[in-house]
Amino acid sequence: MRSAAPTEELLRVAFADAQAMADLPRYRILYEAVRRAILSQQLVAGARLPSTRELARDLGVSRNTVLSTFEALLAEGYLVARTGSGTFVAHAAAAPKGRGRRPADVARAASDAARSGPEALSRRGIRLARFQGGRRLEIQPICNAEADFTLFPMKQWQRLQSRQLRQGHLELLDYATKGGFAPLRRAIADYLRTSRAVRVEVEQVVLTAGTQHSLDLCAQLLADVGDTVWMEEPGYWGARCIFEACDLKIEPVAVDAEGMNPGLAPRGSRPRLIYLTPSNQYPMGVAMSLARRRALLQIATRERAWIVEDDYDSELRYSGRPLASLQGLDAEQRVVYVGTFSKVLYPGIKIGYMVVPPALAESFHSALYDLQRPGQLTVQAALADFIERGYFATHIRRLRQAYAERRELLAAVLNSQLGRIGQITSQAAGLHLVVRLSDGLDDRRVQALAAERGTTVRALSQYFIGPASASGLVVGFGYAAPDKLATHGRLLGQAVRAALRC
Ligand SMILES: Cc1ncc(COP(=O)(O)O)c(C=O)c1O
C-alpha cells in the first residue's frame, strides 16, 4: 500500500472531522476542512496540495467535488495555482492565529456558531445561508451578467438627483405609497406599452427594489407554503433562492431550443406559479416560440396558475426585431410581468417594477407597503426625469451598440479558438453568450482550468437543479473592454484545449 504523504493524511483527518456538518454538500465539507486546516496553520503557507485526481481518490469523493472546492479556495485567495507545478497554500492566507482574520472568516465563524449554538438558524435559514449565490458573483472580465458601468451617464444622473434634492419637496422624504412615485410608474407604463407590447395601465405598475423583491412579493402573495412552482431547467439561481425561502416546491422543467417545454413537466404536476424568462432564457439565451407561449398561457388558465415573466434584459437585443412580451398575449390576466433597471442602468440602483393583473393591483400596493415600508422617492423622481427627458432611450441605444460590438468580437475569438469543440448557441442578446461543449468535455473542469489561467467563466452545469443534461460555458461580454475580451477569450480557448488533453 502507498504510504500517505503528511498533507494527504492531514486532509483526510480534517475531512473526516468536518463530516459532522453532514447537512452540507460534500464540496462545502471539503472546503471547510481545507480552509480550517489553513487558518489553524496545520497546512502552512507554501505547502503543496495533492492533485485533484489524487485527493478525490484518497477521500473517496468525485473529482468534481474537489475541483469545486479548489475553485472556491482559489477565488478567495486561500490557495494559489502555479501552472505546471500544482496548487499551493497562499502566503497571504496563512495569517498568524488571532490576527488578520478577514471579514469573510469572521462572518463565517459567526454563521458556524449560529448553526451550532442555542439560537441556531431555522431550517430555512440554514438552507439560505448555504446557498451562497453571491459568492459566485465577483466582478470579473468575462464573468456573465455584468454590465459596463463606465457607459452610464453619471453626470446627467448626478444633475437630476441634485435637482430633486435642491427642489426640496418634503413629501419625497416620506414612505412610498400606492406602488411608488406616480410619474415614474407612468413613464414605465408608457415605455412598456410601446417597446414591449405590454398591456398596462398605470395602476397596474408596482415599483420594487429589483427583481428579487418582485419575485418575493409574487411568491408571498400568490402561493402558499408547499405549492408547486415550475422553473426553467437550467434556470436563474436568484429566483430559486426566493422560492426556496418561501418554502415552495420547485419543479424544474427542461428548456430546449424553443424555451421551457411544459410537455416535459413531471406527469400530473399542478403548478401554482410558473416562473420563466421567455424573451432571453437565462442562462441558455433562447427565445420562447409562439407555440410554447400559447401552450403555457393555456396551462395557466386551466390550472388557475400565475405566470411570472422575468423580462430582465429585453432592451439588449442585437439582431432581429424586438420580441413582444408574453404578458401582451395574455387575454386571461394570468401573467405578472417583472422588469428591472439593474442591467440597463446599474444594479445598485435597486429599482425594479411589476405589471400585475388589474384585479391584483390593490392587494400588491397595500402588501408592498405593509411588508416593506418602501421609500427612495427622490431616486424614483430622478429616474422619472431621466426617462421623460429621453436620456434613457439614448443610453439604451448606446449600450446596444457597445454590447453588440463586444459580443461580435468575443464570438469571433471563441469561434477561432474553439472550432468544433465549442459552439455558440445563444441568440445575439443580453450580456453573455453560451458555448455548448462537445460531448465528453466536463464544463466544471474547464471552469477550473480557466480559473488557473486567471479568467472566470461559469460552467453551464451549475445552473441545473437536477443532473445537468448539457455541458457548456456561460461567458460574459458586457463588462470587459474589447482588448480584455480578446485576451480572456484566448485564455478560455487554452483552458478548453487543456481540458481536452486531460
Ligand atoms: C434572470 C435574471 N433576472 C433578473 C436579474 C436582475 O435582478 P435584480 O433586479 O434583483 O438586480 C438578473 C440578474 O442577473 C437575472 O439574471
Side-chain angles (χ1 to χ4, degrees), residues 131 133-140 142-149 152 180 184 188 196 205-219 229-243 245 250 252 255 259-260 273-288 307-317 323 325-327 336-355 368 372 374 376 379-380 383 399 403 426-427 429-434 456-458 460 462-465 474-479:
F131 206 76
R135 213 160 47 78
R136 292 179 264 152
L137 280 183
E138 324 85 59
I139 296 181
Q140 304 282 343
I142 55 169
C143 200
N144 62 309
E146 295 296 352
D148 183 352
F149 310 136
F152 182 65
L184 178 56
I188 290 172
R196 310 289 308 121
V205 179
V206 184
L207 299 180
T208 65
T211 305
Q212 291 299 94
H213 185 208
S214 301
L215 297 180
D216 192 34
L217 280 171
C218 288
V229 53
W230 283 3
M231 273 196 71
E232 295 158 321
E233 172 84 322
Y236 179 40
W237 57 270
R240 179 180 162 199
C241 185
I242 295 288
F243 298 143
I250 297 175
V255 166
M260 177 190 261
L273 288 185
I274 302 173
Y275 164 83
L276 73 163
T277 48
S279 297
N280 190 25
Q281 201 279 329
Y282 188 88
M284 297 302 287
V286 294
M288 180 170 255
I307 292 180
V308 180
E309 174 179 16
D310 180 355
D311 208 21
Y312 61 107
D313 69 354
S314 52
E315 291 86 1
L316 304 175
R317 287 186 69 76
L323 293 176
S325 64
L326 174 62
Q327 193 266 13
V336 176
Y337 176 92
V338 174
T340 180
F341 289 99
S342 281
K343 303 288 177 199
V344 281
L345 297 184
Y346 59 98
I349 193 169
K350 295 284 356 151
I351 298 184
Y353 48 88
M354 282 187 284
V355 176
L368 170 66
Q372 183 80 15
Q376 300 283 15
V379 184
Q380 293 182 6
L383 182 51
L399 288 184
Y403 292 149
S426 49
Q427 59 179 341
L431 292 167
H432 71 263
L433 47 78
V434 174
T456 303
V457 288
R458 307 279 175 236
L460 183 58
Q462 287 185 336
Y463 293 83
F464 285 79
I465 295 175
V474 181
V475 192
F477 53 81
Y479 180 72

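First listed ligand is number 1; within each ligand, the first listed atom is number 1.
By heavy-atom distance, the residue among K343, K350, Q281 lying nearest atom 13 (C) of ligand 1 is K343.
On a distance-only criterion, Q212 and ligand 1 share at least one N/O pair closer than 3.5 Å. Taking distance alone, with nitrogen or oxygen atoms compared against 3.5 Å, Y275 stays at or beyond that limit from ligand 1.
The shortest heavy-atom distance from H213 to ligand 1 is not under 4.0 Å.
Here T211 has heavy atoms under 4.0 Å from ligand 1 in both its backbone and its side chain.
Two rings, from Y236 and Y282, have their centers less than 6.0 Å apart.
Between Y353 and Y337, the ring-plane angle classifies as parallel under the 30° and 60° cut-offs.
T277 contributes atom OG1, which lies 11.0 Å from atom CE of M284 (distance to the nearest 0.5 angstrom). Expressed to the nearest 0.5 Å, how far CG of L215 lies from OH of Y275 amounts to 5.5 Å.
Each of the atoms 1 (C), 2 (C), 3 (N), 4 (C) of ligand 1 lies under 4.0 Å from some heavy atom of D310. Atoms of ligand 1 lying under 4.0 Å from any heavy atom of S342, numbered from 1 in the order shown and given with element: 8 (P), 9 (O), 11 (O). Those atoms of ligand 1 with a heavy atom of G210 less than 4.0 angstrom away are 9 (O), 10 (O).
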Would you sort out whether M260 and M288 count as a side-chain contact (heavy atoms from CB on, under 4.5 Å), showing the intermediate values? CA-CA 7 Å; M260 177 190 261; M288 180 170 255; 3.8 Å; yes
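When the options R317, H432, Q427 are evaluated for a side-chain hydrogen bond (donor to acceptor under 3.5 Å, both in side chains) with N280, the one that passes is Q427.
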